[in-house]
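Report on one structure; see the data block that follows.
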2 protein chains.
Amino acid sequence: MPTAKEKAEQEIMTIGVRRGNAAKGIRQISRASIEARILAAAESVFAETGFSGATTAEIAKRAGVPKANLHYYFKTKTDLYRQVLQGILELWLGTGDLIKPDSDPAEALNHYVAAKIELAQQRPLASRVFANEIIHGAPQIGDFLQEELRDWVDRKARVIDGWIAAGKMRKVDPRHLFFMIWANTQTYADFAVQIAAVLGRESLTPEDYQLAAKQVSEIILSGCGLNAQA
Amino acid sequence: MPTAKEKAEQEIMTIGVRRGNAAKGIRQISRASIEARILAAAESVFAETGFSGATTAEIAKRAGVPKANLHYYFKTKTDLYRQVLQGILELWLGTGDLIKPDSDPAEALNHYVAAKIELAQQRPLASRVFANEIIHGAPQIGDFLQEELRDWVDRKARVIDGWIAAGKMRKVDPRHLFFMIWANTQTYADFAVQIAAVLGRESLTPEDYQLAAKQVSEIILSGCGLNAQA
DNA sequence: GTCTATAAACTGATAGAC
DNA sequence: GTCTATCAGTTTATAGAC
């Protein structure tokens with residue numbers, strides 16, 4: 001028979017804290033952890049079935065909370081979806097830090113491709129939720145694309161144009177170069193099922209991702225008149 | 001006031017033929033045209049909202065037929081979806097005909113990229129329905145990927161390995177080369193909203209597709225140690 | 001804060017008259 | 001073959017007891 005203290009801790013671990021049996025600090029930690037569990041569950045369900053196909057019942061089930069609680073923490077299914085997307089967008093813009101004027105072009109682009117492939121391997125669900133949102137017209141993040149993302153690409157494009165003007169690489173359209181890199185890396189997350197099927201595997205192996213990063217880097221760098229990296 | 005004949009023709013054009021007012025031949029043509037309209041409407045709705053988000057009511061509305069008739073021509077929503085996919089797959093394998101042993105590698109790959117970009121431009125909805133299906137685990141076309149598509153890629157990979165062995169191009173992994181080409185071309189259909197937003201446009205222009213085809217071809221061919229085409 | 005029960009709205013599919 | 005009316009099953013969201 002568990003003590004009252006053990007029972008309370010069990011509740012913190014599993015379904016959160018009931019009012020009155022935990023200090024404020026612990027309650028906040030617990031609340032944050034419940035929200036994190038719901039967000040993680042939501043990401044997986046949205047990735048598998050898209051926004052419309054996802055049900056709050058399934059998300060709640062995977063998060064291990066009653067459906068009513070999900071609606072207590074996130075008012076509507078759309079609110080939950082928006083917050084999942086928000087987390088993904090923050091992940092996205094974090095890469096590409098090495099693309100700055102005084103970097104070596106080959107090193108910077110190689111690093112960017114590797115980081116994006118790494119993300120495809122580590123967070124394929126996030127990539128799929130994002131891809132699904134864009135394919136269906138970006139109803140929730142259209143503003144982000146036209147503002148933050150466009151600004152980000154404009155800044156990076158200026159860097160690349162600078163490299164070209166300095167004779168450090170072949171003349172290419174910098175924006176379409178980014179479209180190429182995004183497509184080539186994200187495809188290993190979004191289309192993993194197709195790629196695995198063509199390779200005759202159940203799922204992609206670490207070696208597949210490694211070869212993908214190597215070849216994508218080589219072809220794109222070479223296409224930009226740069227030497228491949230070790 | 002329309003004559004009886006005009007009225008009958010109008011019905012053929014709009015909702016098909018009622019029993020008794022058309023010969024068998026005309027009825028069959030009409031039936032095919034109704035099915036084609038439903039399939040086209042279904043493609044657009046599936047592309048916009050995915051399988052789960054699509055409603056048979058919306059598809060019927062766009063096709064200009066009562067919902068019950070849609071279920072008369074296509075028993076279930078899944079049946080309709082499968083037939084839409086079927087048409088898309090046939091479209092897909094048609095390209096790549098020039099990738100055969102005695103072709104010039106640069107010409108063949110350039111032609112393949114151009115054909116795929118052309119398809120992205122002409123049939124973006126088809127590309128999005130396909131992408132949506134793959135992202136969500138290919139529940140309906142998993143078999144196609146493991147059989148027909150895998151065989152197709154195996155055959156083409158042998159051709160490319162032959163070109164490499166003959167010293168006609170740099171050594172690359174042929175399968176990952178296809179993944180690159182698919183990703184780079186289909187992204188202009190699937191992610192058109194994102195690309196247009198980054199380019200600051202309402203939608204992509206013919207010049208955008210032309211530049212895309214040119215740059216994708218240049219970078220991939222150069223990356224394969226081949227000279228760019230005119 | 002948690003959870004059961006249920007309201008309110010939607011959707012795929014069909015019955016049955018024409 | 002066509003079409004209106006409707007059923008049966010889901011699904012989002014909330015009320016209200018604890």
Side-chain angles (χ1 to χ4, degrees), chain A residues 7-35 37-38 41-42 45-46 49-82, chain B residues 7-8 10-35 37-38 41-42 45-46 48-84:
Chain A
K7 195 149 176 286
E9 281 168 352
Q10 180 63 19
E11 281 170 348
I12 292 173
M13 296 296 287
T14 54
I15 55 168
V17 182
R18 290 165 196 282
R19 180 173 42 159
N21 65 358
K24 198 184 178 194
I26 293 174
R27 182 157 70 249
Q28 285 183 331
I29 290 170
S30 183
R31 180 180 184 112
S33 98
I34 292 174
E35 288 179 353
R37 286 171 60 129
I38 294 173
V45 177
F46 285 133
T49 61
F51 176 77
S52 307
T55 66
T56 53
E58 176 64 21
I59 295 172
K61 186 181 161 196
R62 289 197 199 180
V65 302
K67 190 170 54 133
N69 294 29
L70 182 150
H71 283 283
Y72 171 74
Y73 286 105
F74 301 89
K75 202 85 182 78
T76 68
K77 178 181 165 182
T78 303
D79 283 344
L80 176 55
Y81 178 62
R82 281 214 197 88
Chain B
K7 195 149 173 287
Q10 178 63 18
E11 282 170 349
I12 292 173
M13 295 296 288
T14 54
I15 54 168
V17 182
R18 292 164 195 284
R19 181 172 40 159
N21 65 357
K24 197 184 177 193
I26 292 175
R27 182 158 70 246
Q28 285 182 330
I29 288 170
S30 182
R31 181 183 183 110
S33 98
I34 291 175
E35 288 180 352
R37 286 171 60 130
I38 293 173
V45 176
F46 286 133
E48 283 173 27
T49 62
F51 176 76
S52 307
T55 65
T56 53
E58 176 63 22
I59 295 171
K61 187 180 160 197
R62 289 197 199 181
V65 303
K67 189 169 57 132
N69 292 29
L70 181 149
H71 284 283
Y72 170 76
Y73 285 105
F74 301 89
K75 203 84 181 79
T76 68
K77 180 181 165 183
T78 302
D79 282 344
L80 176 54
Y81 179 61
R82 281 215 197 88
Q83 292 205 31
V84 169

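Computed from a predicted model, the values in this text were never measured in an experiment. Throughout, a chain's letter reflects where its sequence line sits, starting with A, and its residues are numbered from 1.
- Applying the salt bridge (Lys or Arg N to Asp or Glu O under 4.0 Å) test to pairs two or more places apart or on separate chains, those with a residue in residues 72-81 of chain A are Asp79(A)-Arg82(A).
- Look at CD on Glu35(A): it is 13 Å from C1' on dG1(C), rounded to the nearest Å.
- Phe74(A) pairs by the ring-ring contact (aromatic ring centres under 6.0 Å, His included) definition with nothing, not counting sequence neighbours.
- Qualifying salt bridge (charged side-chain N to carboxylate O under 4.0 Å, His left out) partners for Arg62(B), counting only residues two or more places apart in sequence or in other chains: Glu48(B), Glu58(B).
- Rounded to whole angstrom, the span from the CD1 atom of Ile38(B) across to the P atom of dA13(C) amounts to 14 Å.
- Atom CD in Glu58(A) sits about 13 Å away from atom C1' in dT11(D), given to the nearest Å.
- The nucleotide whose nearest atom lies closest to any side-chain atom of Ala68(B) is, among dT2(D), dT4(D), dC3(C), dT4(D).
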Discussion item. Using the rule given for side-chain contact (heavy atoms from CB on, under 4.5 Å), can you reason through Phe51(A) versus Thr78(A), listing the C-alpha separation, both sets of side-chain angles and the distance that settles it, and then say yes or no?
Written reply: CA-CA 8 Å; Phe51(A) 176 77; Thr78(A) 303; 3.6 Å; yes

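- For the pair Asn69(B) CG and dA15(C) C1', the computed distance is 14 Å after rounding to whole Å.
- Straight-line distance from the OH atom of Tyr73(A) to the P atom of dT12(D): 20 Å, rounded to whole Å.
- Take Gln83(B) and apply the side chain to side chain donor-acceptor pair (under 3.5 Å) test, not counting sequence neighbours, and it matches no residue.
- We find that CG of Leu80(A) is positioned 11 Å from P of dT12(D), with the value rounded to whole Å.
- Under the side chain to side chain contact (heavy atoms under 4.5 Å, CB included) criterion, Ala57(B) pairs with Thr55(B), Lys67(B), sequence neighbours left out.
- For the pair Lys75(A) NZ and dT12(D) P, the interatomic distance rounds to 15 Å; values are reported in whole Å.
- The Tyr72(B) side chain lies nearest to dT2(D) when the options are dT2(C), dT2(D), dC3(D).
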All N/O pairs under 3.5 Å across the protein-nucleotides 10-12 of chain C interface:
| from | atom 1 | to | atom 2 | distance (Å) |
| --- | --- | --- | --- | --- |
| dG12(C) | OP1 | Ala54(B) | O | 3.0 |
| dG12(C) | OP1 | Lys77(B) | NZ | 3.1 |
| dG12(C) | OP2 | Thr56(B) | N | 2.9 |
| dG12(C) | OP2 | Thr56(B) | OG1 | 3.0 |
| dG12(C) | N7 | Lys67(B) | NZ | 3.2 |

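- With rounding to whole Å, Leu70(A) atom CG is found 11 Å from dT12(D) atom C1'.
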